[in-house]
Amino acid sequence: MLSCGGFSYEKIIVENLKYKYPDTDQLALNDVSFEVEEGEVIGIVGQNSAGKSSLCLALTGLIPHFFNGAYGGKVLIDGIEVKTSTITDLSQKAGLVFDNPFTQMTASKYTVYDEIAFGLENIGVSREEMIERVDWSLKMMGIENIKDKNPFDLSGGQMQRVAIASVIAMRPEILVLDEPTSQLDPQASEEVFRVIQQLSQEGITIVIAEHKMEKLASFTDRILLLYEGKQIDFDTPQKVFSRDDLHDYGVVPPIFTTYCKAMGMKNKKTNTYPVTLAEVSSLLGGENNEWNKS
Amino acid sequence: MNGIKVENISFSYTEGQPVLSNIDVHFRQESTAIIGQNGAGKTTFVKLLKGLLKPATGNIYVNGMNTQEYTVAQLAKQIGLVFQNPNDQIFKHTVIEEVMFGPKNIGQSTEEARQNSLLALEKIGIVHEADKNPYDLSLSDRKLVSIASILAMKPPIIIFDEPTMGQDYLGKERLKKIMKDLRAEGVLVLSIIHDMDFVAETFERTIVMNQGKIVLDGPTREVFSHEQLIRDVYLELPHATQLGKQLGLKQTFLTVDELINFNRKKQ
Ligand SMILES: Nc1ncnc2c1ncn2[C@@H]1O[C@H](COP(=O)(O)OP(=O)(O)O)[C@@H](O)[C@H]1O
Ligand SMILES: Nc1ncnc2c1ncn2[C@@H]1O[C@H](COP(=O)(O)OP(=O)(O)O)[C@@H](O)[C@H]1O
Ligand SMILES: [Mg+2]
Ligand SMILES: [Mg+2]
């Protein structure tokens, strides 16, 4: 989390956001309000249909600009109101990694390298900078070895990494990722989260919808819990995952939290359970750790 | 008894770039997870088992039928494959038609196909979407439709390619139950999967692939006792196994319930 001398800057403001897709009778987003500071990493959790993808679309302006329907409330991205600005303006600010990597592919490029360069060509960056940025994102995503392959000859996991690479190459100030690791092997998922961590340290604000609770617990500052379009909670992973009613919303906490709940291992001071392996061991371990202070 | 015998096969898409080499393995009744890094060759391997690709060298016998000698259509009664990308599998305008397509194709009557399809949709938890257009569904629900299509065909061997992709907690629990029920009914269940917790909770046997080779094969608990090897091939231990180690326990734990029960007894 980045804050300058106590002053923190709201990079994303969502106020009473409501949205309903055309020809449906239920709100996909029902009165969602939260604020995100610059450089924060926010996890969105909730069972399927809870509204995670819709929120990702709303943060990047695809709702309401590409999806019609009923829209209420306000989304401000870096001070710009989403509804009243253009997709072109917004796309310079916020980048979206779709849940299906096929959606991200332009289908007009024959190599991974050109696929990643595509967005940069469109915004007219210099050739030098383009090469630098494409090489950087290939390296960040660990896919230099497939840069000459055809995007459609890739395994699902490889394609998912290409999709992420093509978005981070654009260097958005706000990066929104919709289940970006669903097809990735464990190591590659971990690497994606490390990239996210690094980008957030550089001041990029990140919102990520994800089912891997253990990863969210380690890498996010706050968690937004959605259920049937409604915002149930927006708090630290420790607070959200310690909720007794989490199961009612179709979400289970990290395995470490489940264990500690069952064994009654609570941080007396904060009244929360550990959410990471490191927190479990610190609770069990040495004297001078916050978990043992009561 | 159902079985797949893989005899020393190799395969490549492009000459000189082997994707699979010298794979020799026998699948009998145990439910089996196939794990490995992206690009290890898992999807290619199961496409070979299904007969969609033919080995360059070696032979594969699916319930005794050599895949080199039979067409995909002839093998379809024996072996079903749920594709990694559901878009590769969906052709029809409604979910129910889509699910009925496979069963009818292998000779079920329309009525039988409808019964089996509704049952499969019910099991997988999306029977309420039966009349929707598959393309109006989310990617994760489309994945469930493609699973239902295979279940409705009732083949004696079913292979899943990353079935938990995009599934939430409830979806994963359902899949777990479906796989365990199939196993109990005598169906041979194989699944490629990246979710190590799901592997630990569901499968009797686990096969680890790396760069087109099988590098580890055994009972799931034993496989996850090889911490270093698992790390060397860019995988990780199930979270419950990691926690057991952190707690200083010697045994390899596979689920959080095992750990809780173990430590409750000790207290
Ligand atoms: N393109 C669409 N058209 C109509 N309804 C949709 C569309 N996309 C999502 N929905 C509906 O909006 C609600 C929220 O869905 P979604 O945002 O995809 O949730 P999640 O990503 O949490 O699974 C669901 O009820 C879903 O059926
Ligand atoms: N249709 C194809 N044409 C050429 N190469 C392919 C094709 N499909 C996969 N490959 C390559 O074969 C290797 C194995 O891929 P795959 O079997 O999909 O791996 P996994 O399922 O383990 O991620 C990868 O290097 C991939 O790029
Ligand atoms: Mg979604
Ligand atoms: Mg694959």
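Just so it is clear, the structure is predicted and the values come from calculations on it, not from any experiment. So you know, we letter chains A, B, ... as the sequences are listed, proteins then strands, and number each from 1.
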Options A/Gly46, A/Pro186, A/Ala188, A/Gly156, ranked by heavy-atom pairs under 4.5 Å with chain B, top entry = A/Pro186

In terms of heavy-atom proximity below 4.5 Å to chain A, should B/Met196 be classed as side chain, backbone, both, or neither?
-> side chain

Heavy-atom side-chain contact between [X] and [Y] under 4.5 Å:
X	Y	value
A/Val192	A/Leu184	yes
B/Leu259	B/Leu247	yes
B/Glu98	B/Val95	no

Report the donor-acceptor contacts between chain B and chain A below 3.5 Å as a table, one pair per row.
| from | atom 1 | to | atom 2 | distance (Å) |
| --- | --- | --- | --- | --- |
| B/Asn38 | N | A/Asp185 | OD2 | 2.6 |
| B/Asn38 | OD1 | A/Asp185 | N | 3.1 |
| B/Asn38 | ND2 | A/Gln183 | O | 3.1 |
| B/Gln84 | NE2 | A/Gln183 | OE1 | 3.1 |
| B/Ser140 | OG | A/Asn48 | ND2 | 3.3 |
| B/Gly166 | O | A/Asn48 | ND2 | 3.1 |
| B/Asp168 | OD2 | A/Asn48 | N | 2.7 |
| B/Tyr234 | O | A/Gln187 | N | 3.4 |
| B/Asn263 | ND2 | A/Tyr259 | OH | 2.5 |
| B/Arg264 | NH2 | A/Ala262 | O | 3.1 |

d(B/Ile124 CD1, B/Leu175 CG) to nearest 0.5 Å is 5.0 Å

Pairwise distance CD1(B/Ile147) to CG(B/Leu151) - rounded to 0.5 angstrom = 7.5 Å

Is there a donor-acceptor pair closer than 3.5 Å between any side-chain N or O of B/Lys92 and the backbone N or O of B/Val99?
-> no

What pairs with B/Phe253 under ring pair (Phe, Tyr, Trp, His ring centres under 6.0 Å), at least two apart in sequence or on another chain?
-> B/Phe262

